[in-house]
Each structure stands twice: as structure tokens, then as C-alpha cells.
Amino acid sequence: MDGANAMDAIRTTCPYCGVGCGVLATPDGAGGATIAGDPEHPANFGRLCSKGSALGETVSLEGRLLHPMMRKASGAYERVSWDIALDAVVEGFSRNARAHGPDALAFYLSGQLLTEDYYVANKLMKGFLGSANVDTNSRLCMASSVAGHKRAFGGDLVPGSYEDLDKADLIVLVGSNAAWCHPVLFQRMQANRTQRGAKLIVIDPRRTPSADEADLFLPIAPGMDTVLFAWLLQEIVARGAIDHDFVAKHTSGFEAALQTARDIAPDLATVSVRCRLEPSLINAFCDAWISTKRVVTAWSQGVNQSAQGTDKVDAIIHCHLASGRIGKEGAGPFSLTGQPNAMGGREAGGLANMLAAHMGFSPAEVDRVKRFWNAPLMAEREGMKAVQMFDAIAQRRIRALWVMATNPAVSLPKADHARAALGLLDFFAISEVLLSNDTLNAGANVLLPAAAWGEKDGAVTNSERRISRQRSFLALPGEARPDWWIVCEVAKRMGFAEAFTYAGPADIFREHAALSCFENEGSRGFDIGGLAQVGNAAYEGLAPVQWPLKQGERVGVARLFTRGAFQTPDGRARFVELKKPALSLAPSSDFPLMLNTGRMRDQWHTMTRTGRSPRLGAHAPEPFVSVHPQDAAQLGLTIGGFAQIGSPFGQALLRVDVTEAQEAGAVFAPIHWSGESSSHGRVGALVNPATDPFSGQPELKATPVRLTPLRFEREGGFVAREAARFPEAWWWARASLRDGVGYRVASDMSVRESADWFNARFAHCEVAELIDALGGLYRAAAFREGRLEAALFLAPPGGEPVWERLKDLLAADVIDATWRRFALSVRDVGGVADRGPMVCSCFGVSQGAIRDAIEDGACDTTAVGAAVKAGTNCGSCVPEIRKLIASTRVFEPAG
Ligand SMILES: Nc1nc2c(c(=O)[nH]1)N[C@H]1C(S)=C(S)[C@@H](COP(=O)(O)OP(=O)(O)OC[C@H]3O[C@@H](n4cnc5c(=O)[nH]c(N)nc54)[C@H](O)[C@@H]3O)O[C@H]1N2
Ligand SMILES: Nc1nc2c(c(=O)[nH]1)N[C@H]1C(S)=C(S)[C@@H](COP(=O)(O)OP(=O)(O)OC[C@H]3O[C@@H](n4cnc5c(=O)[nH]c(N)nc54)[C@H](O)[C@@H]3O)O[C@H]1N2
Ligand code: SF4
Ligand SMILES: [Mo]
């Protein structure tokens with residue numbers, strides 16, 4: 001970016017969650033940018049959450065893959081030209097197609113690709129290579145909602161808009177921790193509550209930060225949502241809330257579905273037992289739902305990531321259909337999408353069981369797409385879904401794989417198996433923005449450097465069917481190229497130049513839009529024919545717009561099904577006969593606890609981007625498992641200790657967090673740590689690969705596990721200017737610091753051995769040490785030219801916290817003699833006491849500082865904000881501040 005236009009703000013979209021917030025990015029002319037919310041974007045009206053606000057900290061080129069690379073026989077990567085890399089991909093895929101047929105090839109894509117990237121990758125595989133083995137991480141994310149929508153509505157159609165959340169009188173969140181995962185949308189819900197008095201109900205086995213905010217919280221037993229909603233359906237009927245007219249005119253299958261609902265939920269007592277909910281809670285939920293016409297039931301992964309996810313989705317939809325509360329202002333079922341372009345991938349056909357533009361594999365549809373693409377070798381049946389795809393790789397039925405913008409060695413269930421499978425491929429290509437991640441480290445043949453957020457340009461669609469532009473505001477670094485370009489170059493070299501020559505994303509987008517309306521005539525809800533002729537300038541300036549947007553129309557549709565008109569052949573929504581739910585694996589004596597997995601407020605997935613922000617890393621700096629106090633006591637686990645976790649699929653070793661928010665009998669672990677950021681924190685290794693029979697989505701939220709307490713002789717921290725390698729037996733977790741890298745560490749090494757390791761590692765530095773072999777204490781600091789290079793503090797477990805102090809040491813510019821003494825002193829250094837985890841990432845306010853403010857009299861979140869600024873910017877931490885206020889008792893002097 002040249003200096004002249006360094007100050008112009010570019011309108012773009014946040015690359016994280018499916019809320020799809022508009023962002024104003026102002027390049028600083030030095031490769032960075034200032035980030036603000038776009039006040040004109042209809043998803044966020046200027047707001048951003050902690051992750052969105054910290055985007056500027058994640059655009060640096062450190063660790064970026066900037067040139068094509070190929071793996072040599074030695075295993076090392078060497079830089080090659082684009083020509084050589086692209087030819088290698090062509091050769092790898094062609095060789096395997098010739099030897100083993102098209103179904104030996106596969107692409108594994110991502111909801112973080114742009115629509116244009118998705119479109120060309122899908123077209124190449126399904127129309128030109130002849131296989132439908134194109135699947136995406138959306139299989140782990142949205143597949144059950146897709147299948148549920150298709151069964152009920154005849155198409156993958158999300159009926160409502162964010163506006164409905166503003167106008168609902170009751171919002172029910174099922175398996176969604178929106179306070180952390182869709183923060184800006186959650187703030188809209190909160191605004192509705194304060195301004196209009198809407199009520200919030202949260203249904204989740206854990207007491208999440210979203211649940212903390214709710215008017216009513218139902219701590220449901222894992223996997224039992226279908227039972228609860230089957231009961232609600234019967235209550236709707238019993239209490240006369242059924243919309244007979246709507247059911248008669250616009251639906252089919254009601255009686256049969258009601259009968260299966262009766263089998264699943266025969267009476268309140270049974271529902272209470274199965275859902276593990278007090279009858280009074282169930283009644284309160286039904287009362288609120290039934291008596292409130294404007295009700296939105298929104299859900300996310302607690303519903304989708306289940307071996308009965310599709311049934312869960314339809315159990316919810318049934319209640320909206322039976323009461324006619326769909327297609328109306330402030331009412332409807334609402335699936336919240338995860339990734340920024342999860343919805344766009346579904347439109348383009350990125351799932352193996354969809355062909356393209358919401359078409360499937362019927363002969364007529366295959367023929368239609370074949371003619372549109374002028375395709376030489378069409379896939380004629382569904383391809384393999386993600387979990388199946390990696391099983392097929394392990395069985396060597398799939399031989400050549402191309403992974404784009406996802407990290408399956410971390411994020412797939414049974415992740416050790418998936419990682420090992422990658423090693424069995426004959427040919428493995430990756431399009432990545434980073435030089436290193438767990439998937440790439442499993443041994444790709446070719447690394448293709450992709451343009452990252454800020455550099456790439458195209459379209460994304462958010463949860464409410466709104467297409468927004470992601471625009472580039474930074475120059476392409478090194479030889480990085482957009483994902484669509486890489487795919488098209490490969491296609492051209494395979495001899496498909498005519499079908500894959502595009503001038504730019506606008507060109508691809510027009511084709512995608514044209515396919516959506518091609519021989520459509522109302523048969524497919526996804527129709528953006530209105531954009532099929534969009535000119536380059538109009539595409540460049542495209543304002544956020546919802547689909548459908550038919551030819552000749554300028555404004556998209558905010559709410560579907562306002563007059564019924566579902567996408568089924570008879571136009572009626574279908575009630576579905578559901579099955580009685582059961583977790584795919586029950587707890588056993590070997591594995592007595594259920595492992596639930598999910599997200600933290602300030603990290604994104606495998607941390608490849610958010611992990612670079614010191615601010616974001618401070619909220620939860622190490623991988624942990626949350627355990628109920630009762631289970632902890634029974635197992636001998638203590639807060640701050642370690643737990644060895646075993647499942648039928650793998651192992652992990654996590655720090656223990658004991659909390660009442662966790663339900664007894666189950667534990668929860670965040671998904672964010674990988675082999676790159678931790679020694680034993682890859683939770684995916686433990687996770688159950690069983691899948692839903694309709695959607696193929698895995699049961700990521702329910703794996704039976706066993707926890708065993710584990711104690712290390714010594715724990716502590718290590719900071720350094722650069723990433724470090726620790727001895728094999730150490731436990732470590734990495735966090736970005738402003739001035740280098742920090743690690744939480746634990747080991748059984750003796751003080752002497754630890755000292756030997758440190759001295760050998762920093763032999764080129766001047767090392768100062770404090771050794772207390774009897775006390776088990778070791779502190780060492782390595783200096784070079786007056787500057788701290790690294791420091792290691794170890795003490796027996798439960799020793800005083802050292803983390804903040806190590807961070808301060810690293811931050812100090814020049815360390816004089818006094819500082820050096822301080823550095824190793826066992827006494828506390830004034831001002832650097834550990835203040836607990838970072839609560840407000842925007843202003844860097846720790847838990848300790850907030851507690852101080854509360855103790856000084858700040859009795860609500862506004863007062864805390866006034867005192868220490870916490871919670872006054874993005875607002876993502878307000879639920880936590882509220883909790884701190886509730887838990888911090890201030891003793892008033894008597895009288
Ligand atoms: N901070 C942050 N935000 C994100 C992401 C991120 O990585 N970090 N990722 C984005 C993506 S891709 C996605 S898909 C979304 C996910 O957003 P969410 O789905 O809200 O997040 P999760 O933490 O995966 O899971 C939600 C909740 O489901 C609950 N749950 C588990 N089992 C059940 C059950 O049987 N029934 C019910 N009712 N609930 C259950 C869990 O306890 C958990 O609190 O977040 C998006 N936003
Ligand atoms: N146990 C358990 N497992 C889960 C989940 C869970 O709740 N529990 N959630 C699942 C869900 S919902 C999801 S969405 C997945 C997410 O899991 P992943 O998709 O595997 O996670 P990410 O870390 O987002 O990986 C994205 C990768 O793409 C790279 N990248 C970023 N931008 C670009 C780009 O523009 N181009 C290219 N080519 N590469 C890019 C990043 O560097 C990173 O390596 O995890 C799933 N796995
Ligand atoms: S809510 Fe946060 S992560 Fe999601 S799109 Fe908005 S700013 Fe990005
Ligand atoms: Mo997701």
C-alpha cells in the first residue's frame with residue numbers, strides 16, 4: 001500500500017464469526033492497519049467484539065508462507081517457483097486419477113474461504129475431475145442445520161434476519177454460547193432486552209457466560225434437546241397454541257410427527273428424567289415459549305455437533321411450524337453460522353452431498369450443471385463427507401488431497417488418526433497462509449502461499465443470508481496469491497483454460513450468480529440472479545445485501561416463508577418423524593465422564609491468527625479442562641493441578657479448572673490448542689468420530705473420557721525472544737507476548753537437570769541463576785548485551801505465581817544490575833504481582849484490577865467501567881464483570 005492512500009479507510013468484513021460484522025480498515029502504510037467497526041454495516045452498526053477489535057494485531061507477516069515450497073526427500077521444504085509448484089499439483093492429481101480413478105482425489109475446504117474460492121474449487125472437482133469428494137470443515141459445523149433445513153423446508157434456507165432478534169419478545173438460545181461466539185449479535189439481543197424487555201432463555205448443559213445472562217437457564221442433559229422440543233410440541237397442542245390454519249395449509253406430516261414426539265417424550269416425568277431438568281423448569285420454559293408469539297429459537301453447535309443433530313434441528317423447527325411462528329417479524333427458527341463464509345460455502349456447493357448452487361445429484365440437476373459449466377467429467381453421485389474422507393485416506397482409497405484454509409490435524413475428531421492418515425497420502429497439497437501448522441507439519445508435498453485476510457478480495461455470506469464484500473487493503477506479500485487464483489492456475493494447466501480463465505473475483509461471482517438462477521424458475525431458494533450481470537465497479541462497491549435477490553430485483557429478501565411457499569415440491573413444510581435420541585457412546589466404567597468441547601471468548605479455532613495477539617492470549621493462557629467440584633473431589637483433582645485425560649481415541653493432558661458452571665458427570669475443554677501451541681493440549685485427539693446419519697456431522701460434544709490427576713514436580717514459566725523447544729517430557733503451552741513468546745511449563749526434571757538444560761540452551765548468553773535444590777526452586781535468566789534473552793522460573797506446584805513477573809522482565813528494555821537481582825529475587829517485586837487472568841482485552845484490565853474496583857465500591861458494570869474502563873469498548877467481557885461483581889463480597893462497616 002503506498003503512502004498516498006494510507007489514510008483511506010477500506011470497508012471490509014471481519015474474517016471470524018458468522019455474524020459477519022462490517023469493518024473499516026485504515027492501512028498504516030507500514031503493513032498494518034487500524035481497525036474500527038463499520039457504522040453502516042447492517043450486521044453490527046459499528047460494533048466489534050474483542051477478536052474483531054484485535055484484527056490489526058494479527059496481520060503481521062511473521063510466520064507467513066510467502067513463497068511456494070516443496071518437500072524434499074530429507075523432509076525439509078525448499079522454495080520453488082509458482083510454475084514448479086503448480087505443475088507438481090497437476091502431476092500429483094493427474095497421476096492418481098489415472099491410476100485409481102477420480103474418487104481417489106479429494107479437496108478439503110473451509111468456511112474461511114471466500115465464495116469465489118469455493119466456487120472454482122467445487123467446479124474443478126465436481127465438473128472437471130469427475131468426483132464429488134469436495135468437503136469442508138462446515139461438515140463439522142453447519143451440516144446438521146443444512147440437513148435439517150432441507151428435510152423441513154425442502155432447501156437449505158434460514159428463514160429469518162438479525163432484525164428478528166431485535167424484535168422478538170423471547171429469544172431462546174439452544175447449544176449456543178453467543179455471548180462468546182457471536183458477541184455482537186448477543187449484544188443486539190441484550191439491547192432488545194433492555195429496550196423492549198425481551199426475555200432470554202439459554203439451554204446448555206454448562207452454565208456458560210450466555211447462561212449467566214439469561215432470565216431462565218435450562219441445564220439440559222447432553223444430547224437430549226430433541227426430547228425437550230418433542231415435549232414442547234405436545235404442549236403447544238395441549239395448550240391450544242397450535243396454528244391449525246397454518247399447519248393445514250402449509251405443512252405435511254404433522255400427525256405422524258406428533259405421534260413420534262409422544263414416543264420420545266411420553267410425559268413430563270419422563271422428560272424430566274431424560275433431560276435431567278426439574279419439571280418446574282420445563283414448565284417455565286413451555287409457558288414462556290407458548291405464551292410469546294414473537295419467539296426466535298436460535299441454535300449453534302450444541303445442536304449441530306451431535307450424532308442426532310439433524311433431528312435436534314427439526315425438533316426445534318417443528319415447534320415453530322406447529323405454532324405458525326415462522327416467516328413473521330420477530331419469530332422463527334434461526335441457525336447461527338460459525339465461520340465468516342459458512343453460508344457462502346453452502347451456496348457454492350462446498351459440501352460433498354451438494355452439487356452446486358443448492359442443487360443435488362438428481363440426474364436432471366447433474367445435467368443442468370454440466371451444461372452450464374460445459375463440463376467434461378461430471379460427478380454423478382455424492383462424495384465423501386469429512387470424517388469418511390479421512391477414513392478413506394487412512395484406507396488408501398483416497399490418494400491425493402488438497403487442503404485449503406483449514407487445519408484438520410487439529411479440528412477433526414479422532415485427530416491423531418486424521419493426522420496419521422495424512423502421512424499415507426501419495427500426494428498432499430496445502431493452500432495456507434502460514435509456514436507451519438499441525439496439518440502442514442504432517443508432511444505436505446506442496447505448500448501454496450495464499451493471500452490472507454486484508455489481502456484477499458471477494459464475497460462472504462453471514463448467518464442472515466447477507467452477502468458482504470471482503471476487500472483487500474494490503475498489498476499481496478511475497479508471492480502469495482488468492483485461493484481462487486491458485487485453483488484456476490492448476491485447472492488451466494490441466495487443460496481447462498476455457499472454463500477457468502477469470503479476470504478476477506467479480507468474474508467468478510457473476511458466474512456463480514448466473515448458475516443460481518440458471519433454469520431456476522423458483523425451484524431453488526438460493527437465487528441471486530439479480531447479481532448475475534453486476535459490473536466490475538458495482539461488484540467493487542457492492543453494499544451488503546441479503547438473498548434471494550432475483551433478476552430485476554435490487555433489494556434482497558429479509559424474511560422467507562412469509563406466505564408459506566416452502567421449497568418442497570408441494571410447497572409445504574415437512575414435519576419429520578424423529579428418533580428417540582441417545583448419545584452415540586454412553587459413559588462406561590472405563591470412561592465414566594462425558595467430554596464436551598467448545599470455544600473461548602478470545603481465541604479463534606486453532607489459534608493461527610488470534611494466537612498472535614498478546615492481548616487476546618491473556619484471557620486464558622493455557623489449555624484446561626473444567627470439572628464440577630463433586631467430580632474433582634471424587635477423582636482427587638485440584639484447581640491448578642493437572643489431569644491426564646484418556647478416551648477410546650486418544651490422550652490429552654490439561655490444567656484443571658474446578659467450577660460449579662460445569663455440570664457434574666461431564667467435563668469441558670476448549671478446542672483451541674494445537675501441537676504448535678501446546679505439548680498435550682490437542683483436544684481433538686480425544687474426540688468421538690461418530691456421525692449423524694443424515695448430515696454426517698460428528699458428535700464433537702460428547703465423548704466418554706477418564707480423568708486421572710497428575711502432579712509435576714515443578715511448574716512455572718519460560719519467556720524468550722523466540723519460540724523454544726523443550727525436552728520431550730515437559731508439559732508446555734505457548735502464548736504470544738508483546739516482546740516475545742511465553743510458555744507455561746511443568747516437568748519432573750530435577751533442579752540440576754533443569755539448570756543443565758537452560759545453560760546448554762543459552763550457552764551463548766550470560767546466565768544468572770538462583771538454585772534452591774532443597775526447596776525445589778530454580779530461576780534463571782539469560783542476558784545478551786544487557787538485554788534479557790530468556791528466563792525460566794520453576795517451583796514446586798502451588799508456588800507463587802510468576803507469569804506476570806516474567807512478562808515484565810521480557811518487556812524491560814535494558815536490565816541493569818538492580819533489575820538482575822530483582823529478576824531472580826524470590827520476594828515479590830512491587831507492581832508486578834500476578835493480577836489474575838485478563839478480563840477486558842480491549843483495555844488490558846485484569847481480574848485483580850476489577851476486583852479492586854468492586855471492593856472500592858463499584859457495584860455495577862457501569863461503575864466498574866467508570867473506574868477502570870473495563871467493558872466500555874467492545875463489551876465482550878461484560879458478562880464476566882457481572883459475575884465478578886456477584887462473587888466479590890464487599891464488607892460494609894457495621895452500623
Ligand atoms: N470466540 C470464538 N467465537 C467463535 C469461534 C471461535 O473459535 N471462537 N468459532 C466460530 C464458529 S466456526 C462456530 S461453529 C461458532 C460456535 O458457536 P457456539 O456453538 O456457540 O460455541 P461452542 O462453544 O462450540 O458450543 C456451544 C455450546 O453448546 C453446548 N452443548 C454441548 N452439548 C450440548 C447439548 O447436547 N445440548 C445443548 N443444548 N447444548 C450443548 C456447549 O456446552 C457449549 O456451551 O462460534 C463462532 N465464533
Ligand atoms: N472437538 C471439537 N472439534 C471441532 C469443533 C468443536 O466444537 N469441538 N468445532 C468444529 C468447527 S465448528 C469448525 S468451524 C472447525 C474449525 O477448524 P479449522 O478450520 O481446522 O480451524 P482454523 O484454525 O480456523 O484453520 C484455518 C486454517 O486456514 C488458514 N487460513 C486462514 N486464512 C486463510 C486463507 O485465506 N486462505 C488459506 N488457504 N488459508 C487460510 C489458517 O492459517 C489455519 O491454518 O473445527 C471443528 N472441530
Ligand atoms: S462478532 Fe466479533 S468475531 Fe464475529 S464478526 Fe463481529 S467482530 Fe468478528
Ligand atoms: Mo464452525
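One-based numbering, in listed order, for ligands and for the atoms of each. Given the structure is predicted, the values throughout are model-derived calculations rather than measurements.
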Take atom CZ of R465 as the centre, draw a 6.0 Å sphere, and report whether it contains more than 12 heavy atoms from other residues, nucleotides or ligands. yes
Electrostatic pair D692:K385 at N-O distance under 4.0 angstrom: no
Atom 2 (Fe) of ligand 3: the protein heavy-atom neighbour that sits closest, reported with distance to 0.1 Å: C49 SG, 2.3 Å
Nearest option to atom 37 (C) of ligand 2, as decided by whichever heavy atom of G684, G63, A405 sits closest: A405
If you scan protein heavy atoms around atom 16 (C) of ligand 2, the nearest is H605 ND1, 3.3 Å
At a non-hydrogen distance cut-off of under 4.0 Å, which region of D483 contacts ligand 2 (side chain, backbone, both, or neither)? side chain
Please state which part of A450 comes within less than 4.0 Å of ligand 2, counting heavy atoms only: side chain, backbone, both or neither. side chain
If the test is ring pair (Phe, Tyr, Trp, His ring centres under 6.0 Å), which one of Y16, F473, W604 qualifies with W453? F473
Does at least one non-hydrogen atom of L48 fall below 4.0 angstrom from an atom of ligand 3? yes
Within the structure provided, determine whether P15 and Q470 are in side-chain contact (heavy-atom separation under 4.5 Å). yes
Nearest protein heavy atom to atom 24 (O) of ligand 2, by residue and atom, and its distance? Q112 NE2, 2.7 Å
Residue portion contacting ligand 2 (non-hydrogen atoms closer than 4.0 Å) for T606: both
Which residue and atom name correspond to the protein heavy atom nearest atom 4 (Fe) of ligand 3, and how close is it? C17 SG, 2.3 Å
Kindly determine whether E676 and N441 satisfy side chain to side chain donor-acceptor pair (under 3.5 Å), including the steps that lead there. CA-CA 9 Å; E676 292 241 287; N441 297 342; 3.3 Å; yes
How about K456 and L476: do any of their side-chain heavy atoms sit closer than 4.5 Å? no
Do the ring planes of H149 and W299 sit parallel (below 30°), tilted (30 to 60°) or perpendicular (above 60°)? tilted
Of all the atoms in ligand 3, which lie at a distance below 4.0 Å from a heavy atom belonging to Y16? 3 (S)
Can an N, O or S atom be found in H182 less than 2.8 Å away from atom 4 (Fe) of ligand 3? no
Say whether W604 and ligand 2 are in contact under the criterion: heavy-atom distance to a ligand atom below 4.0 Å. yes
What residue and heavy atom of the protein are closest to atom 11 (C) of ligand 2, and at what distance? R599 NH2, 3.3 Å
Ligand 2 versus I671: contacting region, heavy-atom distance under 4.0 Å: side chain
Going by heavy-atom distance to atom 5 (S) of ligand 3, choose the closest among G37, C21, A178. C21
Subset of ligand 2 atoms that lie under 4.0 Å from at least one heavy atom of K701: 7 (O)
Nearest heavy atoms of D117 and W484, plus distance in Å: OD1-N, 2.8 Å
I would like to know whether F591 and F649 meet ring-ring contact (aromatic ring centres under 6.0 Å, His included); could you show each step before the answer? CA-CA 11 Å; F591 302 107; F649 313 100; 8.5 Å; no
Thinking salt bridges, do R481 and E489 make one under a 4.0 Å N-O criterion? no
Just heavy atoms, cut-off under 4.0 Å: does N407 contact ligand 2 by side chain, backbone, both, or neither? both
Using a 4.0 Å cutoff against the non-hydrogen atoms of G20, which atoms of ligand 3 qualify? 5 (S)
What are the two closest non-hydrogen atoms of A409 and T439, and how far apart are they? N-OG1, 3.1 Å
Out of all atoms in ligand 2, which are within 4.0 Å of some heavy atom of C141? Include the element for each. 12 (S), 14 (S)
re atom 15 (C) of ligand 2, the protein heavy-atom contact at minimum distance is S411 CB, 4.1 Å
So is V683 close enough to ligand 2, meaning a heavy atom under 4.0 angstrom away? no
Can an N, O or S atom be found in C14 less than 2.8 Å away from atom 8 (Fe) of ligand 3? yes
Donor + acceptor pair across side chains of S584, N688 (<3.5 Å): yes
Please state which protein non-hydrogen atom is closest to atom 8 (N) of ligand 2 and give its distance, to 0.1 Å? T597 OG1, 2.8 Å
Quick check: closest heavy atoms across N137 and Y108, and the distance to 0.1 Å? CA-OH, 3.4 Å
Of the protein's non-hydrogen atoms, which lies at the shortest distance from atom 35 (O) of ligand 2, and what is that distance? K456 NZ, 2.6 Å
Write down the atom of P209, the atom of P879, and the distance for their closest heavy-atom approach. O-CB, 4.0 Å
Show me which atoms of ligand 2 lie under 4.0 Å from any heavy atom of N437. 44 (O)
Please evaluate residues N462 and T337 with respect to the criterion side chain to side chain donor-acceptor pair (under 3.5 Å), reporting the C-alpha separation (whole Å), side-chain torsions for both, the decisive distance (0.1 Å), and the verdict. CA-CA 7 Å; N462 72 2; T337 55; over 6 Å; no
Kindly indicate whether the side chain of V705, heavy atoms from C-beta on, has any atom under 4.5 Å from the side chain of V667. yes
Per-atom filter on ligand 3: closer than 4.0 angstrom to a heavy atom of P183 are 1 (S)
Whether V687 lies under 4.0 Å from ligand 2, heavy atom: yes
Here the atoms of ligand 2 under 4.0 Å from any heavy atom belonging to S431 are 37 (C), 38 (N), 39 (N)
Give the C-alpha distance, both sets of side-chain angles, the deciding distance and a yes or no for side chain to side chain donor-acceptor pair (under 3.5 Å) between S431 and W402. CA-CA 8 Å; S431 299; W402 189 349; 2.9 Å; yes
Protein contact of atom 43 (C) of ligand 2 - nearest heavy atom, named by residue and atom, plus distance: E432 OE2, 3.3 Å
Which residue and non-hydrogen atom of the protein lie closest to atom 19 (O) of ligand 2, and at what distance in Å? N137 ND2, 2.7 Å
Please determine whether side-chain contact (heavy atoms from CB on, under 4.5 Å) holds for the pair N192 and L165, giving the CA-CA distance in whole Å, both sets of side-chain angles, and the decisive distance to 0.1 Å. CA-CA 8 Å; N192 179 1; L165 292 164; 5.9 Å; no
Going by the 4.0 angstrom heavy-atom rule, the piece of T406 near ligand 2 is both
State the atoms of ligand 2, each with its element, that fall below the 4.0 Å cut-off from a heavy-atom position in A451. 34 (C), 35 (O)
Using side-chain contact (heavy atoms from CB on, under 4.5 Å), reason through D483 and L114 one step at a time and then give a plain yes or no. CA-CA 8 Å; D483 284 292; L114 302 176; over 6 Å; no
Could you tell me, atom by atom, which parts of ligand 2 come under 4.0 Å of a heavy atom of Q339? 14 (S)
Contacting atoms of ligand 2, where contact means under 4.0 angstrom from a heavy atom of L434: 42 (O)
